[in-house]
Amino acid sequence: MKVCTRKSFSTFHFQLYYVILPFKNKPDFIMIELTNNTDENKKSLNFIETIVEKDLAEGKNNGRIQTRFPPEPNGYLHIGHAKAICLDFGIAKKYGGICNLRFDDTNPVKEDVEYVDSIMEDIQWLGFQWENVFYASDYFGQLWDFAVQLIKKGKAYIDEQSSEEIAKQKGTPTQPGIESPFRNRPVEENLDLFQKMNEGAFEEGSMVLRAKIDMASPNMHFRDPIIYRIIKHPHHRTGTQWKAYPMYDFAHGESDYFEGVTHSLCTLEFEVHRPLYDWFIDELKTDDYRPRQIEFNRLNLTYTVMSKRKLLQLVKEGLVNGWDDPRMPTICGFRRRGYTPASIHKFIDKIGYTKYDGIIDVALLEHAVRENLNAKAPRVSAVINPVKLIITNYPEGQTEMMEAINNPEDESMGSHEIAFSRELYIEQEDFMEDAPKKYFRMTPGQEVRLKNAYIVKCTGCKKNAGGEIEEVYAEYDPNTKSGMPESNRKVKGTIHWVSVEHSIPAEVRLYDRLFDCENPSEEKDKDFREMLNPDSLKIVSGCRVEAELAKAKPLDHFQFQRLGYFNLDPDSTKDHLIFNRTVSLKDTWSKIAKNEG
RNA sequence: UGUCCCAUAGUGUAAUUGGUAACAUGUCAGAUUCUGGCUCUGAAGAGUUUAGGUUCGAGCCCUAAUGGGACAGCCA
């Protein structure tokens, strides 16, 4: 055995050793990495990891790393959140830190425990576990005290103007705002009103607490931002205890500070909030510690929308069948569609984290699921649009059990049996009376292999009065059974089938992209409902699947051979099997067929 | 003549300032195949938005322009 080191790599913090094993025919090159951190070192760091490593190298926060995933419980998580989750939990894990789940529940009107539960379920399904669960509402007391402190310092005041008035005075991005007439209200009066505001003495909208900063600031967020408003709607956790609630800008950074977050990762649209985030923390902090907000690009995917508002609208207006409709980009939608956590991780790993706000081709996502399911999904036979095939020279009443390999990619998955008989179903698509040259399937005079069974030669078909194909006929060659010595004869095509008598009925749901246009969010002047793809769901009943599938459990993955990856829908019952198409197989034939006209 | 952010093949990401700008996906071709899948081989596809500057040397640093985005909720 020879071991050689590559000197040229010595500047990196890992070393590669090529070990050449002296096997005669197949010298195996095995790369062994002698470090504790295997994969990570090979890959270049993203800009956030670079920052984290720099902070670590400088000894910031005594080498402590803490992140948080901070959803508002006002909707279901989508694949964009998955990207944030992978980052928040991933950074903590990679650098030996912790990641907490914190619900940013500062607006009781929009929030609900239903969402809290689904969020936790989705994070865990993705394979992550938080260190602690926190709620911004846990800090309402501390935040209140901080607000009082600001008032006492003369840095906050109660404004009694209407929201319209305040908006008007705010100015525009290019014009400075003007100061509120209430801006210099005495401290005592502010404290008194703030107290009463929370006791329910005033109506919603009648007054707010504002930070006194700079109405002429070029950053709109500094123009005396509202930090407390009156909401009388009960809170899903604190009930009616509070009537005055902190705004996001006032709650978020402070919550990070209370918890000891070191790196507060969020999406790009919060970039302009960062100076304010820092401003509040500067007012609050009593030591050198300060959490650091870093923004990365949010995930945009082609042919779908990612905004919670629009997703909610799709659900509320019944344009889809709920949050977990398999066409939705929600995590529960992907789960029901048949995506695996591994495929989502793979996808997110490939797209990376930058500050460039682009849109990602769903083809990348689809590739990730195909790759994952190709490795793990058992192969089965299913006929979605059946037509009868009769093997005219096969004995009536005879049945043979054929061996079907579960997964050619993974021998350890073994095999199962599938019943073969005289009468079968094949796909309507797999028979053509007049076929083009490159059609390798069932057509009179042509031989095809029936997967896992015999080579058959098509002899003709029977049509009804309307010209529709009712039955297809073929003769089999008994010497060509799969596995037999003479079975290796070359035939161009192989098609799948199920036995009429032994197969079971099923419903199959074929999903396609939800929207017709690549970037629905970009078409600002169009109603996004007009861009919906009318064919995004096709329900096909009367499908026939092999008996093996009676054993399927909800969400089990399968490859329907030659068709795609499918999973059993949770609504499926013993008497009514329902399969969802996760993604089709790549289909080069359809391209050829198209080009041939 | 607001502040902030961004700009590398179709898409996404990479490239201690120094070798012919790399990878994935997508596209096209071919091989293989009892899945028109997978796998394998190959090809096309950017000369790094533009113009200056610094440098022996710039995708990378500086300046400006151009284009795109975020910010004017009592949402987060």
Side-chain angles (χ1 to χ4, degrees), chain A residues 11-12 43-44 46 70-72 74 104-107 109-111 136 159 162-163 166-168 170-177 204-210 217-223 226-231 245 247-249 251-252 266-275 295 297 302 308-309 350-368 370-371 374-375 379 381 405 408-409 438-441 448-453 455 480 482-483 487-488 490-496 559-565 584-593:
Chain A
T11 50
F12 293 82
K43 266 183 67 175
S44 53
N46 64 45
E72 183 187 17
N74 69 344
D104 254 353
D105 54 350
T106 55
N107 185 359
V109 181
K110 292 183 163 186
E111 297 152 9
D159 196 333
S162 67
S163 61
I166 290 174
K168 212 187 293 170
K170 200 143 211 172
T172 69
T174 52
Q175 290 169 308
E204 287 189 15
S206 62
M207 61 181 64
V208 291
L209 181 69
R210 291 228 254 169
S217 171
N219 184 334
M220 298 293 287
H221 296 277
F222 275 88
R223 324 250 259 228
I226 293 167
I227 58 179
Y228 265 87
R229 78 294 209 190
I230 301 169
I231 299 174
Y245 290 88
M247 296 281 289
Y248 165 85
D249 280 313
H252 197 94
C266 62
T267 44
L268 249 24
E269 67 271 26
F270 292 102
E271 226 155 16
V272 262
H273 294 245
R274 190 183 346 123
E295 311 85 10
N297 58 345
T302 54
K308 269 193 192 175
R309 205 196 88 242
K350 274 194 290 202
I351 62 175
Y353 299 88
T354 68
K355 302 190 78 157
Y356 175 71
D357 189 24
I359 181 163
I360 285 158
D361 193 335
V362 286
L364 254 42
L365 215 205
E366 290 178 345
H367 172 262
R370 286 196 183 105
E371 186 180 57
N374 179 49
R379 272 58 169 169
S381 294
I405 303 291
E409 310 290 318
K438 286 186 185 163
Y439 188 80
F440 304 142
R441 310 177 187 184
V448 297
R449 157 74 62 185
L450 294 178
K451 179 76 185 172
N452 302 321
I455 291 174
T480 58
S482 297
S487 72
N488 287 332
K490 287 271 175 279
V491 283
K492 268 288 176 98
T494 301
I495 66 172
H496 63 280
Q559 186 199 86
F560 287 5
Q561 280 179 121
R562 302 208 304 132
L563 298 174
Y565 296 98
S584 66
L585 252 33
K586 281 214 303 199
D587 184 6
T588 47
W589 163 245
S590 71
K591 287 178 197 163
I592 296 167

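In what follows, every heavy atom counts, from backbone to side chain, and hydrogens, waters and symmetry copies are set aside. Letters A, B, ... mirror the listed sequences (proteins, then strands); counts begin at 1.
Proximity note for A:N297 (side chain, C-beta onward) versus B:C75, B:U13, B:U3: the nearest is B:U13. Here the nucleotide nearest the side chain of A:P173, chosen from B:A70, B:C75, B:A72, is B:A72. In the set B:U11, B:U27, B:A76, the nucleotide with an atom closest to the side chain of A:D361 is B:U11. Taking only side-chain atoms of A:Y356, from C-beta outward, the nucleotide of B:A15, B:A70, B:G12 with the closest atom is B:G12.
Atom CG of A:L268 is separated from atom OH of A:Y356 by 12.0 Å, given to the nearest 0.5 angstrom. One distance of note links CD1 of A:I405 with CG of A:N452; it measures 7.5 Å at 0.5 Å rounding. The distance from atom CZ of A:R229 to atom OG1 of A:T106, rounded to the nearest 0.5 Å, is 5.5 Å. To the nearest 0.5 Å, the span separating OG1 on A:T354 from CG on A:N297 amounts to 3.5 Å.
Among the heavy atoms of the strands lying under 4.0 Å from A:G205 is at least one base atom, whether or not backbone atoms are also near. Among the heavy atoms of the strands lying under 4.0 Å from A:F270 is at least one base atom, whether or not backbone atoms are also near. Nucleic acid contact class of A:K490 (heavy atoms, under 4.0 Å, all strands): sugar-phosphate only. At a threshold of 4.0 angstrom between heavy atoms, the contacts of A:K308 with the nucleic acid are absent. If you check every strand for non-hydrogen atoms under 4.0 Å, A:I231 touches nothing.
Rounded to the nearest Å, the gap between the P atom of B:A21 and that of B:U49 is 15 Å. Between B:A29 and B:A70, the distance separating the two P atoms is 40 Å to the nearest Å. To the nearest whole angstrom, the two C1' atoms, one in B:U33 and one in B:G19, are 40 Å apart. A distance of about 13 Å separates the P atoms of B:C23 and B:A44, rounded to the whole Å. Rounded to a whole angstrom, the distance from the P atom of B:G69 to that of B:A31 is 47 Å. A gap of 32 Å separates the C1' atoms of B:U1 and B:G59, to the nearest Å. Using atom C1' as the reference point in both B:C74 and B:A65, the two lie 41 Å apart (nearest Å). Taking the P atoms as reference points, B:G26 lies 16 Å from B:U11, given to the whole Å.
Residue A:M220 contributes atom CE, which lies 10 Å from atom P of B:C74 at whole-angstrom precision. The nearest whole Å value for the distance from the CD atom in A:E204 to the C1' atom in B:C74 is 9 Å. Put simply, CZ on A:R223 is 13 Å from P on B:G2, counting in whole angstrom units. What separates CD1 of A:I226 from P of B:A72 is a distance of 12 Å, to the nearest Å. Put simply, CD on A:E271 is 14 Å from C1' on B:G68, counting in whole angstrom units. One atom, CD1 of A:I360, and another, P of B:A24, lie 17 Å apart when rounded to the nearest Å. Here B:C23 presents its P atom at 16 Å from CG of A:L364, a figure rounded to the nearest Å. Distance, A:R274 CZ to B:C4 C1': 9 Å, rounded to whole Å.
For the pair A:T354 and B:U13, the criterion of a side-chain N or O lying under 4.0 Å from OP1 or OP2 is met. Of the side-chain N and O atoms in A:K350, none sit less than 4.0 angstrom from OP1 or OP2 of B:U11. Residue A:K170 places none of its side-chain N or O atoms closer than 4.0 Å to OP1 or OP2 of B:G73. Contact between the side-chain N/O atoms of A:R229 and the OP1/OP2 oxygens of B:C75 is found at a separation under 4.0 Å.
With a 3.5 Å ceiling on both atom-pair distances, the Watson-Crick or G-U wobble partner of B:C4 is B:G69. The partner of B:U54 is absent, by the rule that a Watson-Crick or G-U pair needs both atom distances under 3.5 Å. The base-pairing partner of B:A24, taking Watson-Crick or G-U wobble contacts with both distances under 3.5 Å, is B:U11. With a 3.5 Å ceiling on both atom-pair distances, the Watson-Crick or G-U wobble partner of B:A29 is B:U41. With both pairing distances under 3.5 Å, B:G59 is matched to nothing as a Watson-Crick or G-U wobble pair.
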(message) Test side-chain contact (heavy atoms from CB on, under 4.5 Å) on A:E409 and A:R379; report intermediate values, then the result.
(response) CA-CA 10 Å; A:E409 310 290 318; A:R379 272 58 169 169; 3.9 Å; yes
(request) Test A:H496 against A:L563 for side-chain contact (heavy atoms from CB on, under 4.5 Å), laying out the working first. (result) CA-CA 10 Å; A:H496 63 280; A:L563 298 174; 4.0 Å; yes
(message) Evaluate A:I230 against A:Y245 for side-chain contact (heavy atoms from CB on, under 4.5 Å), listing each step before the verdict.
(response) CA-CA 6 Å; A:I230 301 169; A:Y245 290 88; over 6 Å; no
(request) Please test A:E271 against A:K355 for salt bridge (charged side-chain N to carboxylate O under 4.0 Å, His left out), starting from the C-alpha separation and ending with a verdict. (result) CA-CA 10 Å; A:E271 226 155 16; A:K355 302 190 78 157; 3.1 Å; yes
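Not a single salt bridge (Lys or Arg N to Asp or Glu O under 4.0 Å) links A:E204 to another residue, sequence neighbours left out.
Classification of B:G73 as syn follows from a glycosidic angle within 90° of 0. In B:G47 the O4'-C1'-N dihedral to the base is within 90° of 0, which defines a syn nucleotide.
If you check distances only, the side chain of A:H273 does reach the base of B:A76 with a donor-acceptor pair under 3.5 Å.
Salt-bridge annotation for A:E72 and A:K110: absent, with no side-chain N of the basic residue lying under 4.0 Å from a carboxylate O of the acidic one.
Between A:P71 and A:A167, it is A:A167 whose nearest contact on RNA chain B lies nearer the 5' terminus.
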(request) Spell out protein contact along nucleotides 35-40 of chain B as letters: B when the base is contacted, S when just the sugar-phosphate is, - when no protein heavy atom is under 4.0 Å; keep the 5' to 3' order. (result) BBBB--
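Ring geometry for A:H221 versus A:H273: interplanar angle of 30 to 60°, hence tilted.
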